[in-house]
K.L.:
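A single structure is presented below for examination.
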Amino acid sequence: MQVNTEGPLDAKIMLVGEAPGEEEDKTGRPFQGYAGQTLDNLLGQAGIARYQCLVTNVARERPPANKIFYFFEDKKCTIPKPKLAAWINKLREEIILYNPNIIIALGATALWALTGEKKISDFRGYILPCTLVPGKKVLPTYHPQAINYEWKLYFQTVLDLRKALRHSTFSEIPESKQVFMPNVGIQQFVTYMEECIARPEWDKLSVDVETVQPGSHIEELGLSHDPNFGISIFLLKGRTSALPEKDELLLWQTFARLIACKKIVMQNGAYDTGVLWYNNHILVENIWMDTLIAAHVCWPELPRDLGFLGSICLDVPPWKNSSKSLVYNPADAANTLGIAEVLDKEIDKQDNRATFDFEMSLIPVALMMQLQGIEVDREIQKTQVEFWSTKRDELKKQLFTIVGREINFNSPKQMQQLLYFDLRLPVQYKRRKSVKDTRTMTTDANALRILARLVPDNPVFNLILEYKKANTLVNSFLNIELSPEGRVHTSYNITGAASDDEEDTKKTKRSFGRWSSSGSIILPYGSGNLQNIPKEARKMYRTKPGWKIIQADYSQAEAVVVAHLAGNRKMIKMFKDSFGLSKTEKKPYDIHILKAVELFGVLWEQVTDFQRNAGKTVRHARNYKAGPTVLANRLGISMSEAKLLIQTDERVDPSLSMWHHATEQELKRTRVLTNLLGRKHRFLDRWGDSLFRSAYSYIPQSTIGDLLNTALKRLYDMLLEIPFEIIILLQLHDAIYVMVEKERVDETIRILRKAMIIPMCCNNEEFTIDVDFSVGDSWAEGENLEINWREEK
DNA sequence: GATTTTACGTA
DNA sequence: CGTACGTAAAATCT
């Protein structure tokens, strides 16, 4: 059935979708069914009433199988068939006739028909001139059906619709007042900087550098004192210097004076300040606002790249994707400033100032750790690489004789062929997000372990497991390139997921306040992420002679937080009673044995190793509402046994279920959870179990992350007052590693304890998480220190 | 050659 | 149906 435009003729807003679907085809009306419901939901969140809008589609009939390319001549959907061309013409006539103030393009097809642009993720949220009817303005956003598939697009689409609503009161396209002066000469640039210095009323300054790799050398420097102005200068042309030495000297000298007297604004300032310090010896002491951090604090669930933030915060034309123009860098600088002004208000509006200040204060320590790096013992690296390479090759040879042919065990395809077709073993499937999804085969470690249990007499599975382990160890963690100084470096990302690529529509940006670690662009040495190094590879991270590595980790950190959140009195008492005791003295306060006693109804002294381990696993699994399958796999027991264990635990410890329920209620009310240190997170996923699971882990996980970083900052601030050297090596979510001279170990652990012991409050009860220490010559081996801290006092 | 998928390491 | 993170290699797309 033909589906035509519907809505009031004097509507200010026109919504244009792609094509009718099944429901639309039946009813003859646009946006019915599931997509229609989602549209209504979105409009409601944006404060728009659908009955006030004109609603239509580009295509007026349903294509076979809902595939829009049916209406195109070419696969890329750029040449419409006559039928579609006629509908587009009809759309043009309707726009002219009804003359809405704004046309909202829902999805890529509408975007293309109205503006000629193709990539919805690049243009969504920006006001574009309509090419179909010149003079009209278009705001593209995602199609409701895309949101049904990718629910994380929901919130940004609501923000887009709100922007469209603001624009619906007038028909004009906002005129850009921005002036950009890219690639100016040295004199002009220095004159600009001098003028900035002379005018204290220009209190803010946005700085943006473009760099070339390798080495992160500054190619272009952009500045802006006003969101409508940006200027830049080139320092490199290709690989050679663009300026005479004396000019470059003048530039940096003036720049150093300039930044000292302004509120500095940057996007991902940790990188820019890192480069300025490392390559140009310019210290940016205070950044007033890092827009990456501000965006993370306000909208941890959204992307944070400049293009995205510009679309949300500003009314400028899209500048990131319009063919690489020369104004790119000055536009970045100016728009970063504009974004900063919006975010500054947003921080207060959301009452997030404390979290913002906290994250900003972490930039220096994170940067110091990145530039400092950690030393690797080349000798041990060499022997480790040799040992594990040999082991890997032997395992491969052994496997070859058993299997009878060469197989790449890293290839999922070849593994499937071997296990499920050649050996005809029962196919193992991956977990699905929803029952509706089709099942996909897996040959991962867990599948191999299950198969090994099914066919106990066949050694091949365990051999494959061992081979893969050795292989990843060598390739990813041992055989790594060191810096000329024999160090590895990692970039600690305060805002978690560093990925700021615009294409990223798959990964969600959760970021629960923990740091992430990834490869340093400034010093690209080592395996990148230093927070996932296996124990075996940690052996090559050794102290220099006469020094010791101290590990200070929060003991049972997440469990303590969960106990307080759930109000489990028994556990709270155990943590309290054992606080400050030495490792040995803590033995009688073992929470895993406690859980085993509860689960198996045995006496404390009779708990076996298996039972203790089961207690540990059950408690952990139950905290985050894991199911029996996981438990069964983890403990190597049957499904029914696992189910029984979970049921028993639900009976002996109802506090967890109550906490889970309370969390759900809180989500229902506000969709916002606040951790014990005041960090807020809004949960925008589709309502359901996966949202809940993510939420259960949020408060414990993010509280520990913030607690540790608070301690790290306190330690960093103490370093100045300490008369000897403490080298901060690593941040591992709930542990800090430092290196000191042997004789300083005792003093250092007292300093660490002072930095790390931080009281927190939950349900009107104060509590403190204890810290355990171990000392050794490498990152892998450390001996526990037996200290009773109560006797210290 | 670029992007997506699969697998795997840590807390 | 633990969650969170980043990276390497294979597979797939263009």
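By convention in this document, chain letters (A, B, ...) are assigned in the order of the sequence lines, proteins followed by strands, and residues within each chain are numbered from 1.
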K.L.:
Using salt bridge (Lys or Arg N to Asp or Glu O under 4.0 Å) as the criterion, list what pairs up with A:E117, not counting sequence neighbours.
P.N.:
none

K.L.:
With heavy atoms under 4.0 Å as the rule, sort A:G519 into base, sugar-phosphate or nothing.
P.N.:
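It contacts sugar-phosphate atoms only.
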
K.L.:
Take atom CG of A:L691 and atom P of C:dA4, then tell me their distance rounded to the nearest Å.
P.N.:
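Computing the A:L691:CG to C:dA4:P distance gives 10 Å.
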
K.L.:
Picking from C:dG6, C:dA9, B:dA11, which would you name as closest to the side chain of A:N529?
P.N.:
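Nucleotide nearest to A:N529's side chain: C:dG6.
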
K.L.:
Taking A:K595 as the fixed residue, which of A:D590, A:T617, A:D649 is the one that meets the side chain to side chain donor-acceptor pair (under 3.5 Å) rule?
P.N.:
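The option that passes is A:D649.
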
K.L.:
Between A:S516 and C:dG6, is there a side-chain N or O to OP1/OP2 distance below 4.0 Å?
P.N.:
yes

K.L.:
Report each atom pair, protein N/O against N/O of nucleotides 12-14 of chain C, whose distance is under 3.5 angstrom.
P.N.:
none

K.L.:
Nearest to the side chain of A:P628, which nucleotide is it out of B:dC8, C:dC1, C:dG6?
P.N.:
C:dC1

K.L.:
With the side chain of A:S697 defined as its heavy atoms from C-beta on, choose the nearest nucleotide among C:dT3, B:dG9, B:dA7.
P.N.:
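The answer is C:dT3, which lies nearest to the side chain.
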
K.L.:
Mind pulling the stems DNA chain C is in, i.e. runs of at least three Watson-Crick or G-U pairs, everything under 3.5 Å?
P.N.:
B:1-11 with C:3-13

K.L.:
Would you say NZ of A:K413 has more than 12 non-hydrogen atoms from neighbouring residues, nucleotides or ligands within 6.0 angstrom?
P.N.:
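Count not over threshold, so no.
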
K.L.:
Are OP1 or OP2 of C:dA9 and a side-chain N or O of A:S411 less than 4.0 angstrom apart?
P.N.:
no

K.L.:
Tell me the closest heavy-atom pair linking A:W151 and A:N148, and the distance in Å.
P.N.:
CZ3-OD1, 4.0 Å

K.L.:
Between A:R671 and A:D685, does any NZ, NE, NH1 or NH2 come within less than 4.0 Å of an OD or OE carboxylate oxygen?
P.N.:
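No, A:D685 and A:R671 are not salt-bridged.
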
K.L.:
With a 4.0 Å cutoff (strictly under), does any side-chain N or O of A:K468 reach OP1 or OP2 of B:dA7?
P.N.:
no

K.L.:
With the side chain of A:N410 defined as its heavy atoms from C-beta on, choose the nearest nucleotide among C:dA10, B:dG9, B:dT10.
P.N.:
C:dA10

K.L.:
Determine, for A:E466 against A:K469, whether the closest basic-nitrogen to carboxylate-oxygen distance falls under 4.0 angstrom.
P.N.:
no

K.L.:
List the residues meeting salt bridge (Lys or Arg N to Asp or Glu O under 4.0 Å) with A:R453, not counting sequence neighbours, and say none if there are none.
P.N.:
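Partners of A:R453 under the salt bridge (Lys or Arg N to Asp or Glu O under 4.0 Å) test: none.
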
K.L.:
Round to the nearest Å and state the distance from A:D444 atom CG to C:dA9 atom P.
P.N.:
19 Å

K.L.:
So, using ring-ring contact (aromatic ring centres under 6.0 Å, His included) as the criterion, who are the partners of A:H489 when residues are at least two apart?
P.N.:
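A:H489 satisfies ring-ring contact (aromatic ring centres under 6.0 Å, His included) with no residue once adjacent residues are dropped.
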
K.L.:
Establish, with yes or no, whether the OP1 or OP2 oxygen of C:dA9 is under 4.0 angstrom from a side-chain nitrogen or oxygen of A:N475.
P.N.:
yes

K.L.:
Can you check whether A:L395 reaches A:F409 side chain to side chain, under 4.5 Å on heavy atoms?
P.N.:
no

K.L.:
Quickly work out the A:M441 CE to C:dA10 P distance and round it to whole Å.
P.N.:
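From A:M441 CE to C:dA10 P: 20 Å.
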
K.L.:
Considering only side-chain heavy atoms of A:F512, which listed nucleotide, C:dA4, B:dA11, C:dG6, is closest?
P.N.:
C:dA4

K.L.:
Looking at A:D653 and A:R619, is there a salt bridge between them, counting it only when a charged N and a carboxylate O are closer than 4.0 Å?
P.N.:
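Looking at A:D653 together with A:R619, the answer is no, because their closest N to O distance does not fall below 4.0 Å.
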
K.L.:
Looking across every strand, which nucleic acid part, if any, lies under 4.0 Å from A:T440 by heavy atom: base, sugar-phosphate, or nothing?
P.N.:
nothing

K.L.:
To the nearest Å, how far apart are A:N493 CG and C:dG6 P?
P.N.:
7 Å

K.L.:
Among C:dC5, B:dT10, C:dT3, find the nucleotide with the atom closest to the side chain of A:Q701.
P.N.:
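Minimum distance to the A:Q701 side chain belongs to C:dT3.
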
K.L.:
C:dT7 phosphate, OP1 or OP2: any side-chain N/O from A:N532 under 4.0 angstrom?
P.N.:
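No, A:N532 has no side-chain N/O under 4.0 Å of OP1/OP2 on C:dT7.
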
K.L.:
Just to verify, what does A:D290 make a salt bridge (Lys or Arg N to Asp or Glu O under 4.0 Å) with, not counting sequence neighbours?
P.N.:
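A:D290: no salt bridge (Lys or Arg N to Asp or Glu O under 4.0 Å) contacts found.
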
K.L.:
What is the distance, to the nearest angstrom, from the OH atom on A:Y492 to the P atom on C:dC5?
P.N.:
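So the two atoms are 17 Å apart, to the nearest Å.
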
K.L.:
So what does A:R538 hit on the nucleic acid, given a heavy-atom distance under 4.0 Å: a base, only sugar-phosphate, or nothing?
P.N.:
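Since only primed, P, OP1 and OP2 atoms lie under 4.0 Å of A:R538, the category is sugar-phosphate.
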
K.L.:
Could you check whether A:I533 gets within reach of a base, just the sugar-phosphate, or nothing at all, counting any heavy atom under 4.0 Å?
P.N.:
sugar-phosphate

K.L.:
Within the structure provided, determine whether A:L478 and A:M540 are in side-chain contact (heavy-atom separation under 4.5 Å).
P.N.:
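Yes. Closest side-chain heavy atoms under 4.5 Å.
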
K.L.:
Check the phosphate of C:dA4 against A:S694, side-chain N and O only, distance under 4.0 Å to OP1 or OP2. Yes or no?
P.N.:
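It does, given that an N or O in the side chain of A:S694 lies less than 4.0 Å from OP1 or OP2 of C:dA4.
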
K.L.:
Report which part of the nucleic acid A:N623 touches: base, sugar-phosphate, or nothing (heavy-atom distance under 4.0 Å, all strands).
P.N.:
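A:N623: no heavy atom of the nucleic acid under 4.0 Å.
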
K.L.:
Which part of the nucleic acid does A:T443 contact within heavy-atom distance under 4.0 Å: base, sugar-phosphate only, or nothing?
P.N.:
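Here A:T443 touches the backbone only, sparing every base.
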
K.L.:
CD1 of A:I494 versus C1' of C:dA4: gap in Å, rounded?
P.N.:
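Between C1' of C:dA4 and CD1 of A:I494: 18 Å.
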
K.L.:
It should be established whether A:R693 places a side-chain nitrogen or oxygen under 4.0 Å from OP1 or OP2 of nucleotide C:dC1.
P.N.:
yes

K.L.:
Considering only side-chain heavy atoms of A:A445, which listed nucleotide, C:dT7, B:dC8, B:dG9, is closest?
P.N.:
B:dC8

K.L.:
Grab the CG-C1' distance between A:D685 and C:dT3 for me, whole Å please.
P.N.:
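So the CG-C1' distance, A:D685 to C:dT3, works out to 12 Å.
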
K.L.:
Nearest whole angstrom, please: distance from the C1' of B:dA7 to the CD1 of A:I464.
P.N.:
14 Å

K.L.:
With a 4.0 Å cutoff (strictly under), does any side-chain N or O of A:T442 reach OP1 or OP2 of B:dA7?
P.N.:
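A:T442 to B:dA7 OP1/OP2: side-chain N or O found under 4.0 Å.
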
